[in-house]
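Worksheet: the structure to be examined is printed underneath.
Order of the sequence lines fixes the chain letters, A, B, ..., with proteins taken first and strands second; residue numbering starts at 1 for each chain. Since the model is a prediction, treat every value here as computed from it, not as a measurement. Reckoned from all heavy atoms, side chains included, excluding hydrogens, waters and symmetry mates.
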Amino acid sequence: MLHIYNSLTRKKELFTPREAGKVGMYVCGITVYDFCHIGHARMFIVFDVLFRHLQALGYDVNYVRNITDVDDKIIARAAENNQSVSELTSHYIDAMHADEAALSVLRPTHEPRATGAIDDMIALIERLIDLGFAYAADNGDVFYSVGKFDGYGQLSGRKLEDMRAGERVAVDENKKDPMDFVLWKSVKPGEPSWPSPWGDGRPGWHIECSAMAKSHLGEQFDIHGGGMDLQFPHHENEKAQSEAAHGCTFANYWMHNGFVRVDEEKMSKSLDNFFTVRDVLKDYTGEEVRFFIINSHYRSALNYSNAQLDASRAALQRLYTALRGTHVKPDLGIEQNYVDRFDKSMNDDLNTAEAFAVLFDLASEINKLNSPESDEVTVLANTMRSLGDRLGLLQLDPDAALQGSPGDQSGLSAAQIDALIDERIAARAAKDFGRGDEIRDQLAQEGIVLEDTGGKTTWRRG
RNA sequence: GGCUGAAUGGCAGAGUGGCUAUGCACCGGAUUGCAAAUCCGUUUACCUCGGUUCGACUCCGGGUUCAGCCUCCA
């Protein structure tokens, strides 16, 4: 029985899909004008874990995550780079996909782009105007009348009057009410535009998601996710648009992931304190980054630091060390009581940190048995790999995982390492421990750790 | 100013009204030529002040501190 925290009610609730066995899920993706940073990675990974967990529970999941490929920042960046908007966006979409692959993020069922859904947006805006929830200004902009929608503020827990009192932004003179937000922006010179009943222009950000959600999931669906910062105004506005247009509840459950911080401050473009995924992958593997992110609860703040990534590396080393030498024989089955414990944690609002404890218990059990070849251990290893897969982890060959180095390949090759190990074995056999230790020290300088276990010497990167 | 959320051992991070989270680090032991890995054992907690209770880190209230949103933002 899956329980998830619903941002709308601010409570953990039993998850009940609209249609038995099926889940419709929409997650706000990114605006593609730059490389993804670790904050984006957290969103990808958190909802990827949810996607995997729902599938493991047997649901047929329709997971939609959009790409915003037209927006002020994109247009500005393209102009800066002296390239077209589509050149810029396709470049960063490719980069995003590469980053996701490195982090073992599964592709969503659908990944619609805003520019591919303009007609749907126009249709939705027309409907909102017909129903009296939106109006076109003289300059061709179209706005949503926030005051016309009763439930406005429900999702973000705000009252309209409080928001008006807190208004600190210069008000657009075309708006009837300062709280109104734009659905369609009239064209400006040199910007991409599409024809519409209100003249050439382009869509506002919020309407994109309402339109894409509707075309892939219908007027009503189960889960809507995104970063915490989107709760207001983006999700509040999406909800207002869709519910006004369709007269029914938009999403039943709203989920928001917490932020990645740097020095206890939000990681963001505007603070210029962000680490891109590809930069981090120069020093750490995708799996280490993924572990770091899943190691804490998805709603809590997560402070980024190298010390944290180092700790993730050490933790994964322990897990892979336990798997080393074990067979991969899925037909021998898995140990259900570990799976039950794991499910219990995951069903509690994706308590991944607690679920990890099950993996470490398995590692500990395997180590205690000290018989990697036995059927008993094989079953435990199967269980570990299977549960690891539920989190998108532990799918590598253990030796490859322990010996692989992230990013740029440099230093000694595997063949050179093996040659030195052979020499050391010979020296030790001749009781020349001085030479043996010298070789071990030499390898340690290169970050290679030797382990003489059970009469055999193995190595890993430290 | 308004609205959220958070404060746990050296670090990270779960959780619970009375019973070992887990990982890393530390200490003692086993193992090892010495290490490493592994095993066994040990140590270190619950921001503050009140209240409820036989008993609170866990529930309630006040306070303090921190973060987020209110403007583009995962």
Practice prompt. Spell out protein contact along nucleotides 5-18 of chain B as letters: B when the base is contacted, S when just the sugar-phosphate is, - when no protein heavy atom is under 4.0 Å; keep the 5' to 3' order.
Written response: -------SSSS---

Discussion item. Does the protein touch nucleotides 25-34 of chain B at the base, only the backbone, or not at all? Give it as B, S and - per nucleotide, heavy atoms under 4.0 Å.
Written reply: --------BB

Worksheet item: Stepwise, does the side-chain contact (heavy atoms from CB on, under 4.5 Å) test hold for Leu387(A) with Thr383(A)?
Response: CA-CA 6 Å; Leu387(A) 295 180; Thr383(A) 311; 4.1 Å; yes

Discussion item. Would Thr378(A) and Thr326(A) count as a side-chain contact (heavy atoms from CB on, under 4.5 Å) here? Give the steps.
Written reply: CA-CA 6 Å; Thr378(A) 304; Thr326(A) 61; 5.9 Å; no

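Summarising the geometry, the separation between NZ on Lys456(A) and P on A37(B) is reported as 19 Å, rounded to the nearest angstrom. Rounded to an integer number of Å, the gap from CD of Gln154(A) to P of U4(B) is 15 Å. Distance NZ (Lys266(A)) to P (A67(B)): 14 Å, rounded to an integer number of Å. Between the C1' atom of U22(B) and the OH atom of Tyr338(A) lies a distance of 14 Å, rounded to the nearest Å. The distance between atom CG of Leu160(A) and atom P of C3(B), rounded to the nearest whole Å, is 15 Å. Rounded to an integer number of Å, the gap from CD of Glu265(A) to P of A67(B) is 8 Å. Whole-Å rounding puts the Gln231(A) CD to U71(B) C1' distance at 17 Å. Straight-line distance from the CZ atom of Phe181(A) to the P atom of C72(B): 12 Å, rounded to whole Å.
If you check residues 33-52 of chain A against RNA chain B, the residues with a heavy atom closer than 4.0 Å are His37(A), Gly39(A), His40(A), Met43(A), listed by number.
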With the criterion being N/O to N/O and under 3.5 Å, what pairs connect the protein with nucleotides 38-40 of chain B, and how long is each?
{"residue": "U38(B)", "atom": "OP1", "partner": "Arg318(A)", "partner atom": "NH1", "Å": "3.4"}
{"residue": "U38(B)", "atom": "O3'", "partner": "Asn367(A)", "partner atom": "ND2", "Å": "3.2"}
{"residue": "C39(B)", "atom": "OP1", "partner": "Arg318(A)", "partner atom": "NH2", "Å": "3.3"}
{"residue": "C39(B)", "atom": "OP1", "partner": "Asn367(A)", "partner atom": "ND2", "Å": "3.4"}
{"residue": "C40(B)", "atom": "OP1", "partner": "Lys368(A)", "partner atom": "NZ", "Å": "3.4"}

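Taking side-chain N and O atoms only, Lys159(A) has no distance below 4.0 Å to OP1 or OP2 of C70(B).
Residue Val260(A) is classed as a base contact, given a heavy-atom separation below 4.0 Å to a base. Note on Leu230(A): only backbone sugar-phosphate atoms sit closer than 4.0 angstrom, heavy atoms only; bases stay farther off. The residue Phe360(A) sits close only to the backbone: its heavy atoms come under 4.0 Å of sugar-phosphate atoms, none of a base.
Glu111(A) and His97(A) share a side-chain donor-acceptor pair at under 3.5 Å.
Scanning for salt bridge (Lys or Arg N to Asp or Glu O under 4.0 Å) contacts around Arg261(A) gives Glu264(A), with sequence neighbours left out. In this structure Ser300(A) satisfies the side chain to side chain donor-acceptor pair (under 3.5 Å) test with no other residue, sequence neighbours excluded. For Asp180(A), the side-chain contact (heavy atoms from CB on, under 4.5 Å) partners are Tyr135(A), Phe143(A), Ser145(A), Val146(A), Lys175(A), Lys176(A), Asp177(A), not counting sequence neighbours. With sequence neighbours excluded, no residue forms a side chain to side chain donor-acceptor pair (under 3.5 Å) with Lys188(A). Every residue two or more places apart in sequence or in another chain was checked for a salt bridge (Lys or Arg N to Asp or Glu O under 4.0 Å) with Asp141(A), and none qualifies.
Using bins of under 30°, 30° to 60° and over 60° for the plane-to-plane angle, the ring pair Phe356(A)/Phe291(A) lands in the tilted bin. In this pair, Trp254(A) and His256(A) present their aromatic rings parallel. The plane angle is below 30°, not in the 30 to 60° band.
For residues 306-315 of chain A, the set of pairs meeting the side chain to side chain donor-acceptor pair (under 3.5 Å) definition, not counting sequence neighbours, comprises Tyr284(A)-Asp310(A), Glu288(A)-Arg313(A).
Looking at Asp71(A) and Arg202(A), no side-chain N of the basic residue comes within less than 4.0 Å of a carboxylate O on the acidic one, giving no salt bridge.
Taking the centre of each ring, His206(A) and Phe181(A) come in below the 6.0 Å mark. Taking the six-membered ring for Trp, Phe221(A) and Phe250(A) have ring centres closer than 6.0 Å.
Checking Leu106(A), Val23(A), Val105(A) one by one against Phe51(A), the side chain to side chain contact (heavy atoms under 4.5 Å, CB included) holds for a single residue, Leu106(A).
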Worksheet entry | 5'-to-3' dot-bracket of RNA chain B (Watson-Crick, G-U; under 3.5 angstrom; crossing pairs as [ ]; | other strand) | (((((((..(((.....[...)))..((((.......)))).....(((((..]....))))))))))))....

Please list, one pair per line, the donor and acceptor atoms closer than 3.5 Å that link side chains of residues 25-39 of chain A to other protein atoms, with sequence neighbours excluded.
{"residue": "Tyr26(A)", "atom": "OH", "partner": "Asn66(A)", "partner atom": "OD1", "Å": "3.3"}
{"residue": "His37(A)", "atom": "ND1", "partner": "Gly39(A)", "partner atom": "N", "Å": "2.9"}
{"residue": "His37(A)", "atom": "ND1", "partner": "His40(A)", "partner atom": "N", "Å": "3.4"}

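Summarising the local packing, CG of Asp150(A) is surrounded by 12 or fewer heavy atoms from other residues, nucleotides or ligands at distances under 6.0 Å.
Taking the C1' atom of each, C40(B) and A67(B) are spaced 42 Å apart, rounded to whole Å. Nucleotides A35(B) and U20(B) place their C1' atoms 31 Å apart, quoted to the nearest Å.
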